[in-house]
Number of protein chains: 2
Amino acid sequence: MTKPTAQTIVDAALETLREEGFAGATSRAIARRGEFNQALVFYYFGSLEGLLLAALEQASEERLARYRAAVADVQSIDSLIPVMADLWEQDKASGHVRVISQMIAGAVNRPELTQRVVDLMQPWVELAEETVRRVLPPFVPPREAADAIVTFYLGVNLMTNLDPETARADAFFAKARELAPLLTPLLPLLSASAGSPGRPATSPDQASAT
Amino acid sequence: MTKPTAQTIVDAALETLREEGFAGATSRAIARRGEFNQALVFYYFGSLEGLLLAALEQASEERLARYRAAVADVQSIDSLIPVMADLWEQDKASGHVRVISQMIAGAVNRPELTQRVVDLMQPWVELAEETVRRVLPPFVPPREAADAIVTFYLGVNLMTNLDPETARADAFFAKARELAPLLTPLLPLLSASAGSPGRPATSPDQASAT
DNA sequence: GTCTATACTTGGATAGAC
DNA sequence: GTCTATCCAAGTATAGAC
């Protein structure tokens with residue numbers, strides 16, 4: 001059961017990322033933490049890079065499944081916001097936020113990691129886009145909104161990692177909970193005003209399009 | 001003029017961060033790029049860490065001055081958005097975005113760097129807060145809005161670094177340009193609806209506070 | 001499949017000549 | 001203040017015994 005199978009190694013990698021960060025997640029540190037031999041990292045995953053990506057992939061897929069399930073039957077912003085807040089709480093408590101942040105920051109710093117990490121981000125953007133389509137009013141551009149959500153979520157993750165004391169994320173969710181019910185009755189108004197899609201540009205004095 | 005003074009070293013550090021990223025910004029790589037002796041990094045800055053932080057500090061201050069100037073006489077969202085878009089363009093073109101992203105990612109990965117980087121972020125939050133107070137309607141909570149803006153900006157920076165092809169930031173600004181004039185006439189409406197501050201909680205069915 | 005031992009590399013940092 | 005030379009630590013990765 002505590003046999004150093006591939007899964008044990010992945011678990012140790014995740015734990016090390018959580019506890020010691022990306023810079024501390026060396027093959028030696030991971031092996032020490034999982035109490036197996038350092039060489040096994042290379043036997044199973046070929047390289048440290050391979051292991052870390054496998055670990056991120058697993059974490060990402062697990063989490064994506066939870067998000068999908070939690071969001072599946074949400075039909076309004078009112079109900080979406082507490083659901084998101086709960087997911088965030090779980091992510092923070094489980095240390096998932098730290099794993100994600102550490103790996104993303106690592107991917108920014110190491111070009112060898114970026115492509116794969118960007119790929120792993122894609123399904124999240126898609127889930128966000130589906131949800132935007134279902135939950136937000138039609139005048140919200142789904143693609144851009146989904147990108148914005150993922151981008152913001154990424155910012156929140158990193159900020160939480162940099163400055164955990166400040167707990168901005170919690171403040172954001174608190175505000176969102178507070179403001180969402182105020183905003184909801186106004187959505188029809190916004191839709192009415194922005195609902196005419198084919199209208200000409202309003203301020204055409206900016207740089208011209210290509 | 002091309003004497004290896006402290007400033008030359010800082011410049012070489014910035015260039016290296018831009019061109020080779022945080023992981024590539026070793027004392028040796030910086031010295032090679034600036035064509036001075038590697039030992040000078042330590043003579044002038046005590047440690048590589050010290051140099052990188054000095055470089056970030058300089059970049060941050062320069063930029064902050066520009067942002068302050070550009071934003072100073074903005075009084076409405078309509079005019080704020082193109083100003084922000086222009087600043088973003090400059091930051092991207094000058095490579096500032098890359099320096100910031102690389103250093104922030106580095107700070108996430110290396111605990112020794114985080115505190116100082118968080119400190120350097122503070123004036124940005126303050127500028128954002130002042131601007132929110134001046135430009136956005138009073139029902140927008142300035143503190144949270146400022147945090148949200150900086151958080152989002154951070155996300156945008158990182159995303160641009162991870163996935164430059166997609167150019168989400170440009171899409172965001174394009175959409176913002178498009179939507180801002182539609183939103184403006186609605187602000188009074190929102191203000192009217194949200195302007196009553198002392199009202200009781202709307203949906204008290206969530207988890208109770210501590 | 002797992003272990004020990006170790007080769008090899010890179011990079012931070014310092015000593016000491018100039 | 002600048003250079004050469006070098007020490008030292010840490011880390012990836014592999015060879016080869018078991």
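Just the heavy atoms: all of them, side chains too, but no hydrogens, waters or symmetry mates, feed the values below. Chain letters run A, B, ... following the sequence lines, proteins first and then strands; every chain starts at 1.
Screening residues 154-163 of chain A for salt bridge (Lys or Arg N to Asp or Glu O under 4.0 Å), with sequence neighbours left out, gives A:Asp163-A:Arg168.
Residues satisfying the salt bridge (charged side-chain N to carboxylate O under 4.0 Å, His left out) test with A:Arg116, not counting sequence neighbours, are A:Glu57. By the salt bridge (charged side-chain N to carboxylate O under 4.0 Å, His left out) test, A:Asp119 is found to be paired with no residue, residues two or more places apart in sequence or in another chain being considered. Checked against side-chain contact (heavy atoms from CB on, under 4.5 Å), A:Thr131 has the following partners two or more places apart in sequence or in another chain: A:Val71, A:Leu80, A:Leu127, A:Arg134, A:Val135. Applying the salt bridge (charged side-chain N to carboxylate O under 4.0 Å, His left out) test to B:Asp170 and every residue at least two apart in sequence or in another chain returns B:Lys92. Residues that satisfy the ring-ring contact (aromatic ring centres under 6.0 Å, His included) test with B:Phe45, not counting sequence neighbours, are absent from this structure. In this view, B:Arg143 and B:Glu129, B:Asp147 satisfy the salt bridge (charged side-chain N to carboxylate O under 4.0 Å, His left out) rule, not counting sequence neighbours.
With rounding to whole Å, B:Phe36 atom CZ is found 14 Å from D:dT4 atom P. Here D:dT2 presents its C1' atom at 15 Å from CZ of B:Phe45, a figure rounded to the nearest Å. Here C:dG11 presents its C1' atom at 17 Å from CZ of B:Arg33, a figure rounded to the nearest Å. Put simply, CG on A:Leu48 is 19 Å from P on C:dT9, counting in whole angstrom units. With rounding to whole Å, B:Arg110 atom CZ is found 12 Å from D:dA10 atom C1'. As a whole-Å value, the separation of B:Gln7 CD from D:dG1 P is 15 Å. Note: CD1 (A:Ile30) to C1' (D:dA10) measures 15 Å, nearest angstrom. In this structure, A:Phe42 atom CZ and C:dC3 atom C1' are separated by 15 Å, rounded to whole Å.
At least one side-chain nitrogen or oxygen of B:Tyr44 sits closer than 4.0 Å to the OP1 or OP2 atom of D:dT2.
Near DNA chain C, defined here as any heavy-atom distance below 4.0 Å, the residues from residues 14-27 of chain B are B:Thr26, B:Ser27, listed numerically.
Ion pairing between a basic and an acidic side chain is recognised when a charged N comes within 4.0 Å of a carboxylate O; B:Glu178 and B:Lys175 show such pairing. Salt-bridge formation is detected for the pair A:Arg33/A:Glu20: a Lys NZ or Arg NE/NH1/NH2 atom is positioned less than 4.0 Å from an Asp or Glu carboxylate oxygen.
Nearer to the 5' terminus of DNA chain D, by closest-nucleotide assignment, is the contact made by B:Tyr43 (compared with the other of A:Glu49 and B:Tyr43).
Here D:dT2 is the nucleotide among C:dA13, D:dT2, D:dA13 with the atom lying nearest to any side-chain atom of B:Leu40. Candidate nucleotides D:dT6, D:dT2, D:dT4 were compared by shortest atom distance to the side chain of B:Asn37, and D:dT4 ranks first.
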Quick one: which protein N/O atoms are closer than 3.5 Å to N/O atoms of nucleotides 15-18 of chain C? Pair and distance per line, please.
none

